[in-house]
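Working notes for the structure below.
What's counted below: heavy atoms across the whole structure, side chains too, no hydrogens, waters or symmetry copies. Each chain gets a letter, A, B and so on, in the order the sequences are listed, and its residues count up from 1.
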Amino acid sequence: MPELPEVETYRLYLEGTSMHQRIENIEVEDPKLLTTTYAALTDALVGRMFTDTRRVGKNLFVMTDGAPIVHFHFGMTGDLAYYHNSLPRPRFARIVFGFAGGFSLGFLCPRKFERIGLVESIEAHLLRKKIGVDALDITPEVLFENLRRRKSPIKSVLLDQTTVAGIGNWIVDEVLFQAKVHPEKNAGTVTIGDAERLHAAIQKVLQTAIAREANYGQFPTDFIIHARQWGASPYAQADRHLQCPCGKAAVAQSRVGGRATYFCPLCQING
DNA sequence: CGCTATGTTGTTCC
DNA sequence: AGGAACAACATAGC
C-alpha cells in the first residue's frame, strides 16, 4: 500500500537487510517491470552492492558502489521481501536480487504496476518527472503557493505529486479530515490559514503512519480512515466505523477526481 | 461473474 | 501553452 509511509518503511527495511552484500544475479520475470533494459540493469549492478538509500515522496533511490542509482516505484501494491534461498521464493517476487551469502531481496509486484530502473542522478529524475518537495519537508508557505494557483478540487491537487510528493488516496482523505477541509474545495480559494492547517495535518498523519510502520489499522480512533472500506483486509469488515469520530454524522462516501473519497459532511464544510 | 483497487501516464479537450 | 478530466494500464481479491 505504497504511499509515503509505506515507502519509508520499505526504505528502512532495505537498509536493515540488503546493504553491503555483493549482487550475484538479478532475475526479472517480465521486462515490462523495468524502465531500463535487462542488460543495462545487470551490467550496472552485478558485482556491485547497495550502499545508501534516499526516499522522495513515493520514490525510493538506492545508491551502489558503482555509478548508477537504482530507482524503485511501488505502484499500488509493491512490497519487498528479504529471504534466505533455502526458503521458497515469495509469491509475486517478479524481480529478485540474489546476494553473495545466500540471501535474496524480492521486489513483490502483484499487479505489475511497479517499476525498477536506473537513473543518472536523483535530481535529474525528480526534474524529469516533475516531482515536487517531499511532504515531510514542504513549508506551509510553499504549500499555499502551490495550492492557490490551481483550480481543481483540493483533493486532486494534493494527490498531484508536483504539488507535494508522497500523498496518496488514503492519506489525503485523512489529511483533509484532520484539517477540516472539504475534499472538493476549489484549491484556488485556500487561505494561508487553510494551508497552515493542511501542513500541520500532513505532518501529523505522516508521522503517525510512519511510527506505526504504515499499519493503518493502528491509527488513533479519532482518524476517519477507520470508515474506509479496505478491499481485501479482514480488518476492514470487522472494525469498520461508519460514524465520524465527531459522533454527529455518518461518514460520507463519494468520488473526487475519479478516486474513492471519504469525508464528514459536518466537520468538513465546503466554504 | 462483475466490481473495486493504494499510482502514474497518455490523450483529448478547452 | 498549459491545465483539467479521465481512460488505460495488469492483476488479485471479494
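Checking the phosphate oxygens (OP1, OP2) of B/dT9, no side-chain nitrogen or oxygen of A/Arg115 falls inside 4.0 Å. An OP1 or OP2 oxygen of B/dT6 is reached within less than 4.0 angstrom by a side-chain nitrogen or oxygen of A/Arg259. Here A/Lys58 reaches the OP1 or OP2 of B/dT8: one of its side-chain N or O atoms lies under 4.0 Å away.
When each of A/Asn59, A/Ile210, A/Val205, A/Val164 is tested with A/Leu4 by the rule side-chain contact (heavy atoms from CB on, under 4.5 Å), just one qualifies, namely A/Ile210.
Note: CD (A/Glu114) to C1' (B/dG7) measures 10 Å, nearest angstrom. Following rounding to the nearest Å, A/Lys112 (NZ) and B/dA5 (P) show an atom-to-atom distance of 23 Å. Taking atom CG of A/Asn186 as the reference point, atom C1' of C/dA4 lies 12 Å away to the nearest angstrom. Between A/Phe74 atom CZ and C/dA10 atom P the separation is 21 Å, expressed in whole Å. Put simply, NZ on A/Lys32 is 17 Å from P on B/dT9, counting in whole angstrom units. Atoms CZ (A/Arg94) and P (C/dA12) sit 6 Å apart, rounded to a whole Å. Atom-to-atom, CD1 of A/Ile167 to P of B/dT8 comes out at 12 Å; the value is rounded to the nearest Å. Remark: P of C/dA10 and CE of A/Met76 are 12 Å apart, rounded to the nearest angstrom.
When ring centroids are compared, A/Tyr13 and A/Tyr10 stay outside the 6.0 Å threshold.
Below 30°, between 30° and 60°, or above 60°: for A/Phe72 and A/Phe74 the angle between ring planes is below 30°, a parallel geometry. Between A/Phe97 and A/Phe50, the angle of the ring planes goes over 60°, which puts this pair in the perpendicular group of the 30/60° scheme. Ring pair A/His71/A/His125 is tilted by interplanar angle, where 30° to 60° counts as tilted.
Between the side chains of A/Thr51 and A/Asp65, no donor-acceptor pair is found at a separation under 3.5 Å. Checked by atom type, the side-chain pair A/Arg115/A/Thr35 shows no donor-acceptor distance below 3.5 Å.
Rounded to whole Å, the P atom of B/dT8 lies 22 Å from the corresponding atom of C/dG13. Distance check on atom C1': B/dT6 versus C/dA4 gives 23 Å, rounded to whole Å. Comparing the P positions of B/dT11 and C/dA10 gives a spacing of 15 Å, expressed to the nearest Å.
Stems are defined here as 3 or more consecutive Watson-Crick or G-U wobble pairs with pairing distances under 3.5 Å; those involving DNA chain B are B:2-5 with C:11-14, B:7-14 with C:2-9.
For DNA chain C, the residues of residues 127-166 of chain A within the heavy-atom distance limit of 4.0 Å (strictly under) are A/Arg150, A/Lys151, A/Ser152, sorted by number.
Residue-to-nucleotide proximity on DNA chain B shows that, of A/Arg255 and A/His73, the 5′-proximal contact is made by A/Arg255.
Atoms CG and CG, on A/Leu176 and A/Leu198 in that order, are 6.5 Å from each other to the nearest 0.5 Å. Atoms CD1 and CD1, on A/Ile95 and A/Ile26 in that order, are 9.0 Å from each other to the nearest 0.5 Å.
At the heavy-atom level, A/Gly258 lies nowhere under 4.0 Å from the strands shown.
Out of C/dG13, C/dT11, B/dT6, the shortest distance to the side chain of A/Ala260 is found at B/dT6.
A/Glu145 CD: more than 12 foreign heavy atoms inside a 6.0 Å radius.
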